[in-house]
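So the structure is just underneath, and the comments pick up after that.
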Amino acid sequence: MISDVFGNALTAPLKRLSGGFLHETYLAHTEKESFVLKFISPSVAARPGALESIARAERSAKSFEGVIPLVTAIERGGKLLFSHGDRFFLVFPFHPGKSVLPPDITEFHCAKIGEILGLIHGKAVPAPKTPPFPEEKRDWRCRLPQEADLLQKLESRLCTPPGPYVVSHRDLDPKNVLWQDSIPTVIDWEAAGPVCPEEELVEVINYWATSPEGEKALVRAYREHCPIREECIVPAVDLGFAPLLGWLWYNAGLGTAQGDEQTELTLGQIKAALEKREHLVRLLSVYV
């Protein structure tokens with residue numbers, strides 16, 4: 001498979017890597033170098049336009065080469081997605097770094113991530129606005145009846161902030177950053193696309209900052225490279241619930257043990273974010 005695409009023979013069987021809820025990743029060693037193969041979940045690949053969207057997101061990541069340290073999919077012959085049997089996969093250069101997860105995240109890590117996000121947004125790759133939800137409203141009573149009132153209320157708060165929107169990573173959580181010698185490298189750009197900068201800033205604060213000092217370090221570092229717009233703060237804080245609500249809706253509809261586990265985890269994240277809502281508005285307003 002690798003030898004067909006890159007002309008290098010495998011020197012050992014593929015090794016399954018941990019992590020990833022939807023897709024499968026493998027480490028491949030060849031005669032010259034090592035790669036990571038990401039096999040797209042068949043359920044995702046079967047969705048209309050999904051493969052094109054994945055390829056488009058990976059290509060958009062290349063806009064940030066030379067701006068931040070990152071790993072993007074390898075392209076050959078104008079192709080980013082390759083096939084083996086009925087499976088599609090992406091190929092990435094192997095990066096030896098490791099993710100840093102709570103409780104090991106420090107103010108230093110927060111500041112570096114704030115810097116990276118500020119550099120991405122500061123480059124201001126233009127993108128169209130996109131509505132936070134499809135036109136069809138979700139009826140939470142059919143999936144999570146006990147939480148339906150809360151979830152419907154949260155959805156009613158969502159509104160689109162003023163532009164401009166920019167292209168960004170949109171999934172900059174700790175598992176998608178590899179650290180080596182205190183240098184962070186951003187991976188997994190599959191979700192890359194249009195976003196309100198302040199919306200993603202709120203999301204990244206929730207992902208990374210586990211203390212008031214971490215929050216301030218992240219926002220200060222971000223602000224050195226990209227301004228924060230006062231008129232976007234409140235809608236951006238509320239839009240921080242949008243990806244969580246989308247992920248919750250998906251998992252609550254799976255009807256599997258893994259889906260139930262993710263549902264409980266995401267509900268906890270939503271309730272924690274709700275408790276922080278006013279705090280985040282005040283935090284960001286200081287740095288306008």
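- Taking 4.5 Å as the limit, some side-chain heavy atom of Leu248 sits within range of a side-chain heavy atom of Leu144.
- In this structure, the side chains of Val36 and Val71 stay at 4.5 Å or more apart for every pair of heavy atoms.
- A donor-acceptor pair under 3.5 Å is formed between the side chain of Glu58 and the backbone N or O of Ala73.
- The number of heavy-atom neighbours closer than 6.0 Å to NZ of Lys276, taken from other residues, nucleotides and ligands shown, is above 12.
- Of the possible polar contacts, one joining the Asp173 side chain to the Lys175 backbone as a donor-acceptor pair under 3.5 Å is found.
- Closest of all the heavy-atom pairs between Ile74 and Arg76 is CG2-NH1, 3.1 Å.
- When every heavy atom of Gly259 is checked against every heavy atom of Leu254, the shortest pair comes out as CA-CD1, 3.9 Å.
- From Cys232, atom SG reaches atom CG of Leu201 across 11.5 Å, with rounding to the nearest 0.5 Å.
- Side chain of Arg223 to main chain of Tyr287: a donor-acceptor pair is present (N/O by atom type, distance under 3.5 Å, no hydrogens or angles).
- Between the side chain of Gln152 and the backbone N or O of Trp140, at least one donor-acceptor pair lies under 3.5 Å.
- Annotation: the span from Phe241 atom CZ to Asn206 atom CG amounts to 8.0 Å, rounded to 0.5 Å.
- Closest non-hydrogen pair, Val166 versus Ala124, comes out as CG1-CA, 3.8 Å.
- Under a hydrophobic clustering in which Ile, Leu, Val, Met, Phe, Trp and Tyr are joined whenever their side-chain heavy atoms come within less than 4.5 Å, directly or via other members, Leu267 and Leu245 fall into the same cluster.
- Annotation: side chain of Leu244 is not in contact with side chain of Glu203 (no heavy-atom distance under 4.5 Å).
- Taken to the nearest 0.5 Å, the CD atom of Glu155 stands 10.5 Å off from the CG atom of Leu150.
- No donor-acceptor pair under 3.5 Å is formed between the side chain of His169 and the backbone N or O of Ala192.
- Taking each heavy atom of Ala111 and Ala221 in turn, the nearest pair found is O-CB, 3.2 Å.
- A donor-acceptor pair under 3.5 Å is absent between the side-chain atoms of Ser53 and the main chain of Gly49, judged by distance alone.
- Atom CG of Asp139 has more than 12 neighbouring heavy atoms from other residues, nucleotides or ligands inside a 6.0 Å radius.
- Gln180 places a side-chain heavy atom less than 4.5 Å from the side chain of Pro96.
- Here the closest heavy-atom approach between residue Ile68 and residue Leu70 is recorded as O-CD2, 3.2 Å.
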- request: Output, in order, the C-alpha distance, side-chain angles, deciding distance and verdict of side-chain contact (heavy atoms from CB on, under 4.5 Å) for Ile120 and Val67.
  value: CA-CA 7 Å; Ile120 292 173; Val67 178; 5.8 Å; no

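- Side-chain atoms of Ser168 and His121, non-hydrogen and from C-beta on, do get closer than 4.5 Å to each other.
- No more than 12 heavy atoms of other residues, nucleotides or ligands sit less than 6.0 Å from atom CD of Glu230.
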message: For Asn251 and Leu265: C-alpha separation, side-chain torsions, deciding distance, then whether side-chain contact (heavy atoms from CB on, under 4.5 Å) applies.
response: CA-CA 10 Å; Asn251 285 295; Leu265 176 62; over 6 Å; no

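- Without hydrogens or angle criteria, Trp208 side chain to Leu172 main chain gives a donor-acceptor distance under 3.5 Å.
- How far CG of Leu218 is from CD1 of Ile113: 7.5 Å, rounded to the nearest 0.5 Å.
- Put simply, CD on Glu199 and CD1 on Ile233 are 14.0 Å apart, with the number rounded to the nearest 0.5 Å.
- Atom CZ of Arg157 has more than 12 neighbouring heavy atoms from other residues, nucleotides or ligands inside a 6.0 Å radius.
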task: Give the intermediate values and the outcome of side-chain contact (heavy atoms from CB on, under 4.5 Å) for residues Leu51 and Phe88.
output: CA-CA 9 Å; Leu51 295 177; Phe88 292 90; 3.8 Å; yes

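- A continuous path of Ile, Leu, Val, Met, Phe, Trp and Tyr side chains, each step under 4.5 Å between heavy atoms, connects Ile54 with Tyr250, placing both in one hydrophobic cluster.
- The backbone N or O of His29 sits less than 3.5 Å from a side-chain atom of Thr11, completing a donor-acceptor pair.
- In terms of hydrophobic clustering, with Ile, Leu, Val, Met, Phe, Trp and Tyr side chains grouped at heavy-atom distances under 4.5 Å, Tyr165 and Val125 are assigned to different clusters.
- When atom types are taken as modelled, the side chain of Glu200 and the backbone of Arg170 share a donor-acceptor pair closer than 3.5 angstrom.
- When the shell of 6.0 Å around CD of Glu65 is examined, it contains more than 12 heavy atoms from other residues, nucleotides or ligands.
- Under a hydrophobic-cluster definition in which Ile, Leu, Val, Met, Phe, Trp and Tyr are linked whenever side-chain heavy atoms come within less than 4.5 Å, directly or via other members, Val202 and Leu239 are assigned to different clusters.
- Taking the centre of each ring, Phe39 and His84 stay at or above the 6.0 Å mark.
- Tyr222 is listed as a side-chain neighbour of Ile228, based on a closest heavy-atom distance under 4.5 Å.
- Between Ile270 and Leu274, every side-chain heavy-atom pair lies at or beyond the 4.5 Å cut-off.
- Side chain of Arg143 to main chain of Trp249: a donor-acceptor pair is present (N/O by atom type, distance under 3.5 Å, no hydrogens or angles).
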task: Report the C-alpha separation of Lys38 and Asp188 in whole Å, then their side-chain angles, then the decisive distance to 0.1 Å, and conclude whether the salt bridge (charged side-chain N to carboxylate O under 4.0 Å, His left out) test is met.
output: CA-CA 10 Å; Lys38 180 178 182 178; Asp188 198 352; 2.9 Å; yes

- request: Evaluate side-chain hydrogen bond (donor to acceptor under 3.5 Å, both in side chains) for Trp247 paired with Gln269, printing each intermediate quantity in order.
  value: CA-CA 11 Å; Trp247 186 234; Gln269 291 173 328; 5.9 Å; no

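- Cluster annotation: Phe94 is not connected to Val177 through the hydrophobic network of ILVMFWY side chains, with a link wherever side-chain heavy atoms come within less than 4.5 Å.
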- request: Kindly determine whether Val44 and His23 satisfy side-chain contact (heavy atoms from CB on, under 4.5 Å), including the steps that lead there.
  value: CA-CA 9 Å; Val44 172; His23 310 304; 4.0 Å; yes

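- Atom CD of Glu24 and atom CG of Leu17 lie 11.0 Å apart (nearest 0.5 Å).
- At least one side-chain heavy atom of Glu75 sits under 4.5 Å from a side-chain heavy atom of Arg59.
- Contact between Val167 and Ala127 at its shortest, heavy atoms only, is CG2-CB, 3.7 Å.
- Ring geometry, Trp189 versus Phe64: the interplanar angle falls under 30°, so the pair is classed parallel (tilted spans 30 to 60°).
- With respect to Lys271 and Glu147, a salt bridge is recorded, a charged nitrogen being found less than 4.0 Å from a carboxylate O.
- Using a cutoff of 4.0 Å between basic side-chain nitrogens and carboxylate oxygens, Glu115 and Lys112 are scored as salt-bridged.
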